S.K.: 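Following this message is one structure expressed as structure tokens.
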Amino acid sequence: MKKYVIALDAGTTSNRAVVFDKDLNIRGISQQEFQQYYPKPGWVEHDAVEIWQTQLKVLKDVFAENGISRNDVAAIGITNQRETTVIWDRSTGKPISNAIVWQDRRTAEFCEQLKRAGHGNKIREKTGLVIDAYFSGTKIKWILDHVEGARERAERGELAFGTVETWLVWNLTKGKLHITDVSNASRTMLFDINALEWDDELLDLMRIPRNLLPEAVHSSDVYGVVAGDILPGNIPISGMTGDQQASLFGQLCFEKGMVKNTYGTGCFVMMNTGDKPELSSEKLISTIGWKIGSSIQYAAEGSIFIGGALVQWLRDNLGLVDTAPEVETLARQVEDNGGVVVVPAFAGLGAPHWDQFARGTIFGITRATLPAHIARATLEAIALQVKDAIDAMVEASGAEIKHLKVDGGASVNDLLMQIQADLLRSNVVRPQITETTALGAALLAGLAVNFWKDYGDIESRWHIDKTFTPQNSDVNDLLRYWEKAMERTKNWIDN
Ligand code: ADP
């Protein structure tokens with residue numbers, strides 16, 4: 001009997017290996033950071049070889065440090081920082097340049113050209129995405145345009161492209177497998193999310209030869225085994241998804257209308273929108289959640305730039321609190337916000353407002369305003385932004401929201417969770433396990449090898465820490481003033 005599934009969680013700043021047992025308990029975590037390179041303003045790179053080496057090291061460490069035998073491991077699943085682009089030589093396995101990280105903005109100008117040339121609608125209809133430097137397509141083009149001889153070599157079939165999961169599987173199998181899962185493929189701006197295949201028209205538009213691309217496969221399936229001289233034991237690799245999708249899966253949002261939010265530095269809201277992509281809203285990204293067998297789930301995605309970072313700002317810039325958790329104690333000193341509304345548009349506004357010229361403000365200050373009012377309005381602002389994104393998802397998909405599943409550093413704040421439940425008028429559910437990204441990767445891998453039988457088997461082992469039910473229905477003023485405040489922060493700085 002196998003006892004464990006291992007998730008490889010390949011993040012933006014560190015790689016981790018996390019061991020889960022059948023009851024979804026964590027039995028070991030190893031983690032290692034890797035170097036970030038900022039060669040120019042707006043550019044962010046990783047060394048793909050270092051990504052592979054640190055990922056392999058933590059995988060080996062997690063066995064050694066926790067006394068785990070290879071025979072105990074049923075499968076390995078991978079979740080990854082999305083969109084980060086690696087191109088390597090198929091014969092040597094060596095990258096031809098540093099990886100271009102998702103945050104990198106070097107292709108922004110080319111994206112503007114694509115928009116001006118009127119490609120926006122077509123790209124949204126095919127890929128579910130808005131044209132942006134964030135996605136892999138223009139990053140691939142940049143490498144082919146700028147690394148000497150790269151395009152010719154790509155056309156001759158000598159090179160391979162992959163996002164990080166593809167690169168890791170290539171290395172784990174010593175070049176046997178060149179695959180990506182459909183959720184990661186849906187982040188390239190090259191993948192038709194309806195037809196589930198690479199799109200020739202978009203490949204032509206970005207001058208990318210098709211033979212550079214990996215095969216797009218399911219998110220849960222036995223793809224192959226780890227090569228024996230890397231790690232003996234014939235351990236199956238059987239799950240792959242992008243990090244946000246993995247978190248949606250790890251929150252067990254298996255059905256249409258189920259939604260999760262991660263309250264980290266920013267907030268990442270994702271809703272399962274069912275078996276068809278939802279392309280009616282221009283305010284949201286539509287993406288593939290996962291494909292398991294013949295079943296595919298799509299998701300709507302909204303990124304909010306400032307979430308927990310607003311609490312950090314109160315702590316570090318205003319000095320209103322010494323630690324992040326103290327914001328809750330402070331906010332509880334008052335019954336309400338006393339008319340104060342904080343709009344944290346520090347870097348413009350993300351989904352669903354999309355205004356890069358908006359800036360943050362605090363409205364409604366009077367002689368009676370106390371730090372506690374600002375603390376309270378801070379928590380409200382985080383929850384209100386999440387509500388705006390979820391409202392846009394509900395409107396676009398016609399889905400009825402069942403409840404909100406939460407994770408991330410600020411989700412431990414009970415007052416914030418209560419405000420969120422009141423605003424959404426639905427339950428907010430905080431699970432016991434907050435490592436939802438790694439869990440999602442483990443679950444997808446475990447399902448493929450029958451470690452967990454089915455969704456019911458998983459659901460019976462997944463436990464809630466706390467459910468917040470709506471209590472205060474008197475939120476109309478809050479919503480009205482928020483809307484007013486949002487309008488007044490938009491288009492603030494001169495273009
Ligand atoms: P990331 O993964 O983006 O680094 P985390 O999930 O670790 O973020 O969450 C850290 C964020 O959560 C910080 O911005 C911090 O201000 C916020 N945070 C942590 N604890 C609390 C709390 N009790 N109340 C409100 N915010 C908190």
Side-chain angles (χ1 to χ4, degrees), residues 261-267 269 303-351 353 355 357-391 404 406 408-424 428 430 468 470-493:
N261 182 48
T262 302
Y263 298 83
T265 308
C267 289
V269 193
S303 315
I304 294 158
F305 305 140
I306 302 292
L310 184 56
V311 175
Q312 286 172 333
W313 181 75
L314 289 196
R315 186 192 62 192
D316 301 340
N317 297 44
L318 296 193
L320 290 192
V321 288
D322 290 327
T323 65
E326 275 174 42
V327 74
E328 182 170 354
T329 327
L330 183 59
R332 283 190 190 276
Q333 290 175 6
V334 287
E335 284 291 298
D336 57 37
N337 63 22
V340 174
V341 182
V342 178
V343 182
F346 295 172
L349 290 166
H353 303 284
D355 185 337
F357 304 111
R359 283 300 176 271
T361 85
I362 302 179
F363 285 104
I365 299 172
T366 68
R367 283 291 289 269
T369 298
L370 298 168
H373 293 121
I374 295 177
R376 176 120 198 160
T378 288
L379 299 182
E380 289 170 350
I382 298 172
L384 283 157
Q385 292 182 99
V386 172
K387 176 184 160 48
D388 284 350
I390 293 177
D391 281 354
L404 173 68
V406 299
S411 71
V412 300
N413 187 311
D414 283 0
L415 180 57
L416 172 60
M417 296 302 105
Q418 186 58 52
I419 293 170
Q420 191 73 77
D422 292 342
L423 286 172
L424 289 173
V428 169
R430 186 170 64 202
F468 298 85
Q471 281 171 6
N472 173 15
S473 57
D474 187 16
V475 292
N476 289 340
D477 277 355
L478 185 56
L479 293 174
R480 202 159 49 79
Y481 275 102
W482 170 251
E483 208 173 298
K484 234 164 127 171
M486 289 300 272
E487 284 316 310
R488 292 182 189 191
T489 61
K490 285 182 186 167
N491 204 19
W492 174 256
I493 55 164

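Residue numbers count from 1 along this sequence. Just so it is clear, the model here is predicted, and its values are computed rather than measured. Just the heavy atoms: all of them, side chains too, but no hydrogens, waters or symmetry mates, feed the values below.
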S.K.: Examine distances only and state if a side-chain atom of Thr366 and a backbone atom of Ala368 form a donor-acceptor pair shorter than 3.5 Å.
M.R.: yes
S.K.: Applying side-chain contact (heavy atoms from CB on, under 4.5 Å), can you list everything that pairs with Ala331, at least two apart in sequence or on another chain?
M.R.: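 Listed in chain order: Ala375, Arg376, Leu379, Leu415.
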S.K.: Judged by atom type as modelled, is there a donor-acceptor pair below 3.5 Å linking the side chain of Arg430 to the main-chain atoms of Ser411?
M.R.: yes
S.K.: Over all heavy atoms of both residues, which pair between Thr369 and Gly364 is shortest? Give the atoms and the distance, please.
M.R.: OG1-O, 4.1 Å
S.K.: Please examine the side chains of Lys484 and Val341, heavy atoms only from C-beta on, and report whether any two atoms are closer than 4.5 Å.
M.R.: no
S.K.: Indicate whether any N or O donor in one side chain lies under 3.5 Å from an N or O acceptor in the other, for Glu380 and Tyr481.
M.R.: no
S.K.: Can you name the residues that form a salt bridge (charged side-chain N to carboxylate O under 4.0 Å, His left out) with Lys490, not counting sequence neighbours?
M.R.: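 Result, salt bridge (charged side-chain N to carboxylate O under 4.0 Å, His left out) vs Lys490: Glu487.
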S.K.: Give me the atom names and distance for the closest heavy-atom approach of Leu330 to Pro371.
M.R.: CD2-O, 4.0 Å
S.K.: Can you sort out the partners of Arg315 under salt bridge (charged side-chain N to carboxylate O under 4.0 Å, His left out), two or more places apart, ordered by chain and number?
M.R.: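 So Arg315 forms no salt bridge (charged side-chain N to carboxylate O under 4.0 Å, His left out) with any residue.
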S.K.: Go through the steps to decide whether Val311 and Ile382 satisfy the test side chain to side chain contact (heavy atoms under 4.5 Å, CB included), and finish with yes or no.
M.R.: CA-CA 9 Å; Val311 175; Ile382 298 172; 4.0 Å; yes
S.K.: Please say which of Ile306, Val406, Ile304, Thr262 ends up in a side-chain contact (heavy atoms from CB on, under 4.5 Å) with Cys267.
M.R.: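 Filter result, single survivor: Ile304.
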S.K.: For Gly348 versus Phe305, what's the shortest heavy-atom pair and its separation?
M.R.: O-CD1, 3.9 Å
S.K.: Nearest 0.5 Å please: distance from the CG atom of Leu424 over to the CG atom of Leu384.
M.R.: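 Reported to 0.5 Å precision, the distance equals 9.5 Å.
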S.K.: Please enumerate all residues that pass ring-ring contact (aromatic ring centres under 6.0 Å, His included) together with Phe346, with sequence neighbours excluded.
M.R.: Trp313
S.K.: Ignoring hydrogens, what is the shortest heavy-atom contact between Asp336 and His373? Give both atom names and the distance.
M.R.: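 Residues Asp336 and His373, closest heavy atoms: O-CD2, 3.3 Å.
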S.K.: Taking all atoms of both residues into account, what is the closest heavy-atom pair of Trp482 and Val342, and its distance?
M.R.: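 That closest heavy-atom pairing would be CZ3-O, 3.3 Å.
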S.K.: Would you indicate whether the side-chain heavy atoms of Val343 and Met486 approach each other to under 4.5 Å?
M.R.: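 Yes, their side chains come closer than 4.5 Å.
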S.K.: Within a 6.0 Å radius of atom CZ on Arg332, are there more than 12 heavy atoms belonging to other residues, nucleotides or ligands?
M.R.: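 Correct, the count exceeds 12.
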S.K.: Between Asp414 and Gln418, is a side chain to side chain donor-acceptor pair (under 3.5 Å) present by the stated rule, with each step listed?
M.R.: CA-CA 6 Å; Asp414 283 0; Gln418 186 58 52; over 6 Å; no
S.K.: Between the main-chain N or O of Ala377 and the side-chain N or O of Asn337, is there a donor-acceptor pair closer than 3.5 Å?
M.R.: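 Such a contact is absent between Asn337 side chain and Ala377 backbone.
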S.K.: Can you tell me how far apart CD1 (Ile374) and CD1 (Ile362) are? Round to the nearest 0.5 Å.
M.R.: 4.5 Å
S.K.: Can you name the salt bridge (charged side-chain N to carboxylate O under 4.0 Å, His left out) partners of Asp477, sequence neighbours left out?
M.R.: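 Checked Asp477 against salt bridge (charged side-chain N to carboxylate O under 4.0 Å, His left out); matches are Arg480.
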S.K.: Check whether any side-chain heavy atom of Ile419 sits under 4.5 Å from a side-chain heavy atom of Val475, and report yes or no.
M.R.: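 SC-SC contact between Ile419 and Val475 ruled out.
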S.K.: Among residues at least two apart in sequence or on other chains, which ones pass salt bridge (charged side-chain N to carboxylate O under 4.0 Å, His left out) with Asp355?
M.R.: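 Here no residue qualifies.
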S.K.: Applying side chain to side chain contact (heavy atoms under 4.5 Å, CB included) to Leu320 and Thr378, what does each step give before you reach the verdict?
M.R.: CA-CA 12 Å; Leu320 290 192; Thr378 288; over 6 Å; no
